[in-house]
Enquirer: 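I'd like to ask some things about the structure below.
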Amino acid sequence: MKKLAFSVFAAALTFGANAADNVEVSAAAATQTSGVFDGIYFGLGVAAVDNGIRLENKTSGFKLSDHRTRLAGTISLGYGRAIKEKAFIGLEAGLDAAQNLEFFGGRARINGLTPSAALRFGYVNPESKSMVYLKGGAAYSKASADWIVLSEEEGLKGKNFKCSKWAPIVALGAEKVCRNLRTRLEAEYRFRANKSEEIESITYKGINKGAITLRAMAVYTVKM
C-alpha cells in the first residue's frame, strides 16, 4: 500500500510539474506573441480612396456633385503596446498620397495629400497571432473651387473658395503576424467637412464629401 501511495504521489508530482511547465510555456508563448505588437512601428502600403465634392447655391437651390475613386500610397508611423497580453492601445500618424482630384472641368479640386492622427484600441489573439482593432481620430483634407456665380446657366467662375478642415475618422482593421512583419487590412470612413460663404448676397456652400478608404499594408515593428 505504501509503495502504491508513493507511486501515485510521485506520478502526481510529475504530472503537476509537467502541467506547470506547459502553463509556463503557453504563458511565455502568449507573451511573446503579444509582444510583437509592442513598440514603435511603421507601415507601408496601398489604398483605394473614394472621395467627392458638392457645391451648392443655397439661394437658388442649384447643386453640382461628383465623386471619384483613386489609388494612393499610404504610410503610417506609430507606437503601440499590449496590455495584459490581449488588450492593445496605440497612437498612430498616417498619410495617404495620391494625385489631386479635379471636378467640373477643373473648377473644383481636392488635394491628394491627406494626413491623419488617431488612437487605436485592439484585441490580441495570442493563439492565431492576430489582432482586430478600432481606430478613431481626425484627418485633414483640402478642397477648393473657383466661383462667383453657381447656376445652371453660368456654372462656376471667379472667386477661389476653400474648404480645408480636419474631419473625424473611424476605422476597423485587422493585423496578423507573418514572420518579421504584420500584414494589415483596414476600412476607414472620413466624415464630411463643409463651409458656407455669402458672395454678392448669395449664399454658397462647399462640401468635401465623406470619404471611404480601404488599405492594405505591411507593418514592421522596431525592436528596442
Side-chain angles (χ1 to χ4, degrees), residues 23-51 69-101 110-142 164-191 193 208 210-224:
V23 170
E24 290 178 0
V25 170
S26 298
T31 303
Q32 183 180 5
T33 301
S34 61
V36 300
F37 297 101
D38 293 351
I40 299 172
Y41 63 86
F42 64 89
L44 182 66
V46 295
V49 184
D50 185 89
N51 199 7
T69 300
R70 56 184 171 173
L71 290 178
T74 182
I75 59 175
S76 64
L77 175 66
Y79 175 82
R81 189 167 189 83
I83 303 173
K84 294 184 178 180
E85 297 180 1
K86 293 188 177 181
F88 174 89
I89 185 170
L91 177 64
E92 181 174 292
L95 176 68
D96 294 329
Q99 290 184 336
N100 295 345
L101 280 180
I110 296 178
N111 193 285
L113 297 178
T114 307
S116 63
L119 287 172
R120 294 203 302 152
F121 303 93
Y123 171 78
V124 177
N125 186 325
E127 287 76 20
S128 63
K129 298 182 180 181
S130 61
M131 175 177 69
V132 293
Y133 64 88
L134 182 66
K135 185 169 78 172
Y140 185 78
S141 181
K142 298 175 64 176
S164 302
K165 293 183 177 182
W166 287 92
I169 57 172
V170 292
L172 181 64
E175 290 187 4
K176 184 172 178 59
V177 177
C178 182
R179 296 184 180 180
N180 296 325
L181 295 174
R182 288 137 56 185
T183 55
R184 175 192 294 188
L185 293 176
E186 180 179 275
E188 177 190 282
Y189 179 76
R190 187 184 77 242
F191 290 82
N208 191 349
I212 298 174
T213 303
L214 302 178
R215 298 186 181 91
M217 303 182 71
V219 180
Y220 177 77
T221 302
V222 180
K223 299 299 182 181
M224 304 301 291

Enquirer: Can you sort out the partners of Asp96 under side-chain hydrogen bond (donor to acceptor under 3.5 Å, both in side chains), two or more places apart, ordered by chain and number?
Expert: Thr74, Arg215
Enquirer: In Å and rounded to the nearest 0.5 Å, what is the NZ to CD distance from Lys135 to Glu186?
Expert: 3.5 Å
Enquirer: Excluding sequence neighbours, so at least two apart, what forms side-chain hydrogen bond (donor to acceptor under 3.5 Å, both in side chains) with Asp50?
Expert: His67, Thr69
Enquirer: Sequence neighbours left out, what passes salt bridge (charged side-chain N to carboxylate O under 4.0 Å, His left out) with Arg120? Give chain and number order.
Expert: Glu92, Glu175
Enquirer: Show the nearest heavy-atom pair for residues Ala118 and Leu91, with the distance to one decimal.
Expert: O-CD1, 3.5 Å
Enquirer: Tell me, please, which residues at least two apart from Phe121 pass ring pair (Phe, Tyr, Trp, His ring centres under 6.0 Å).
Expert: none
Enquirer: Run the side-chain contact (heavy atoms from CB on, under 4.5 Å) test against Leu185 and tell me which residues pass, sequence neighbours left out.
Expert: Ala216
Enquirer: Does a side-chain heavy-atom distance below 4.5 Å link Val177 with Phe37?
Expert: yes
Enquirer: Got a second to check how far Lys129's NZ is from Arg179's CZ, nearest 0.5 Å?
Expert: 11.5 Å
Enquirer: Is there side-chain contact between Leu44 and Tyr220, with at least one heavy-atom pair below 4.5 Å?
Expert: no
Enquirer: Please check if atom NZ in Lys142 has more than 12 non-hydrogen atoms from other residues, nucleotides or ligands closer than 6.0 Å.
Expert: no
Enquirer: Which residues pass the side-chain contact (heavy atoms from CB on, under 4.5 Å) test with Leu77, not counting sequence neighbours?
Expert: Ile40, Phe42
Enquirer: Could you check whether any side-chain heavy atom of Asn208 comes within less than 4.5 Å of a side-chain heavy atom of Lys165, counting everything from C-beta outward?
Expert: no
Enquirer: Suppose we screen for side-chain contact (heavy atoms from CB on, under 4.5 Å). Which residues come up paired with Ser116, at least two apart in sequence or across chains?
Expert: Ala139, Ile169
Enquirer: Of all residues at least two apart in sequence or in a different chain, which pass the side-chain contact (heavy atoms from CB on, under 4.5 Å) check with Arg81?
Expert: Asp38, Tyr79
Enquirer: At what distance, to the nearest 0.5 angstrom, does NZ of Lys176 lie from CG of Asn125?
Expert: 8.5 Å
Enquirer: Looking only at heavy atoms, which two atoms of Leu214 and Ala187 are closest? And how far apart?
Expert: CD2-CB, 3.7 Å
Enquirer: Can you name the closest pair of heavy atoms from Arg70 and Gly112 and give their distance?
Expert: NH1-CA, 3.4 Å
Enquirer: For Ser164, check side-chain hydrogen bond (donor to acceptor under 3.5 Å, both in side chains) against everything at least two apart and list the hits.
Expert: none
Enquirer: What distance do Leu113 atom CG and Asn100 atom CG have between them, rounded to the nearest 0.5 Å?
Expert: 7.5 Å
Enquirer: Looking only at side chains, do Arg190 and Thr213 share a donor and an acceptor under 3.5 Å apart?
Expert: no
